[in-house]
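These notes are about the structure you will find just below.
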Amino acid sequence: MRVRTPLFAALAAGSLAVAALGAAGSATHAATAGDTRTVEYFPSDHGAGRHARVPTSVPEKISRISQAQPKAPGATAVTPLQETGPSDGRLDLVIIGDGYTAAQQADFRADAQTKLDAIFAIEPYKSYKGLFNFWLVDAVSNDSGVSGDPTKDVVKDTAVSSYFFCDDIERLLCVDEKKVDAYAQQAPDSDIVFVVSNSTKYGGAGYSGLTSTAGHTGIATMSSDNDRSYLIGAHELGHSIGLLADEYQYAGYGTYPGAEPVEPNTSKLTADAMSASQSKWYRWLGQSDPSGGTVGTYEGGGYYEYGIYRPTANSIMRALDTDKFNLPGREAMIAGFYRDADLLTARTSTARTLRTTDTLRVDLAPLAKGLSDVRVHWYVDGVEVTRAAGRHALNGRALGLRKGGVHQVTATAVDATAALRDPAARAAATNSVTWTVR
Ligand SMILES: [Zn+2]
């Protein structure tokens, strides 16, 4: 399913801030202008992020030797590492290997599995893994390893031309976006792409707000054999799925000059004002947080030092020395999952009128025990049949229907997780199918 995020607010704010202060070069035009775009990177594997404006094309010394080109759609092997449902009801995560030769495709699959295992051990990814499909694309590189590893002068011919020392920043691992797009098109659908680059060197990057033919709006790159690079992917999904802001700040940025941010995890309001106006994360104020400490309003975030607040002292959206989303962040992530994925799907077609003896079946996404708390309810003409609660398959007779009338039968799944407090998020975590039964 397409991730419906037309504007990537966090990065847009970041690029404005970067451009205004001239902190990352002289280019100040929009990210979509064609020749440069803003990407996020993490100079330290335990620290806050930075942003840089990088060329959308790879350096000439790399492109000159690049022989590997994406083949026509369907020509590259794609493995469904996890397929829990149809793409229109799932988040489709495409994983592309770079710097793996034909003989190293098994290594790629093992490395991709390791990354996914690490990311999906983090809540709320862990509980909601069943809302994702994972597609592994076997991009074959002519060379093993990637450019800029171990040193800047190293040039490799690889499938999507990933390279360290992007914009002269050692830990910034850029890619050829067009090649990524071409490989991602091999998968049935592409909401978010991970590029796993064959390297032991720490590094990665986050690309957001993209427009791609394959459909994805974000790319996260990460090195394969560095055991902390997965945190880059986990953080970047926070932007693209949870629409979360960065909770870190830049020294010297001073006071936040803008209007109330649109992101759910930064605010101009202090706790009292937030409570009084019942806005942002007021429902979580004072709660003990998974990141340690208590949810409140901590000054600094969204790149600015003063006049803007974040929910907790630390979180994965602030620094990679923790893998914890804070409570407001976690809620936004779960709401994001449900914005693009369906908990419940009809296995029995809703397209035709059924008889009372026909079995009505639903499939539930296979969510893990943990945060999720899913319940199924059945309704006949809007009135719940309580004795049917929890059933995944039944016929009209079990719902008390007899021949002679025409009825609307609805199955509803709701995630009653305590991790959602916003009624709008709860509504997004509820979905229904309706059949006509005669
Ligand atoms: Zn970020």
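Nothing here was measured: the structure is a model prediction, and the numbers come from that model. All ligand and atom numbering here is 1-based and tracks the order in the structure.
Closer than 2.8 Å to the Zn ion (ligand 1) sit the protein N, O or S atoms Glu40 OE1, Glu40 OE2, His235 NE2, His239 NE2, Asp246 OD1.
Listed for the Tyr207 side chain is a donor-acceptor partner under 3.5 Å among the backbone atoms of Val175. Judged by distance alone, with hydrogens and angles left aside, the side-chain atoms of Asp92 form no donor-acceptor pair with the main-chain N or O of Asn133 at under 3.5 Å. Side chain of Gln82 to main chain of Lys129: a donor-acceptor pair is present (N/O by atom type, distance under 3.5 Å, no hydrogens or angles).
To the nearest 0.5 Å, the span separating CZ on Phe132 from CG on Asp340 amounts to 9.5 Å. Going from atom CG of Leu93 over to atom CD1 of Ile241 covers 7.5 Å, rounded to the nearest 0.5 Å.
Using cut-offs of 30° and 60° on the angle between ring planes, the pair Phe337 and Tyr128 is tilted.
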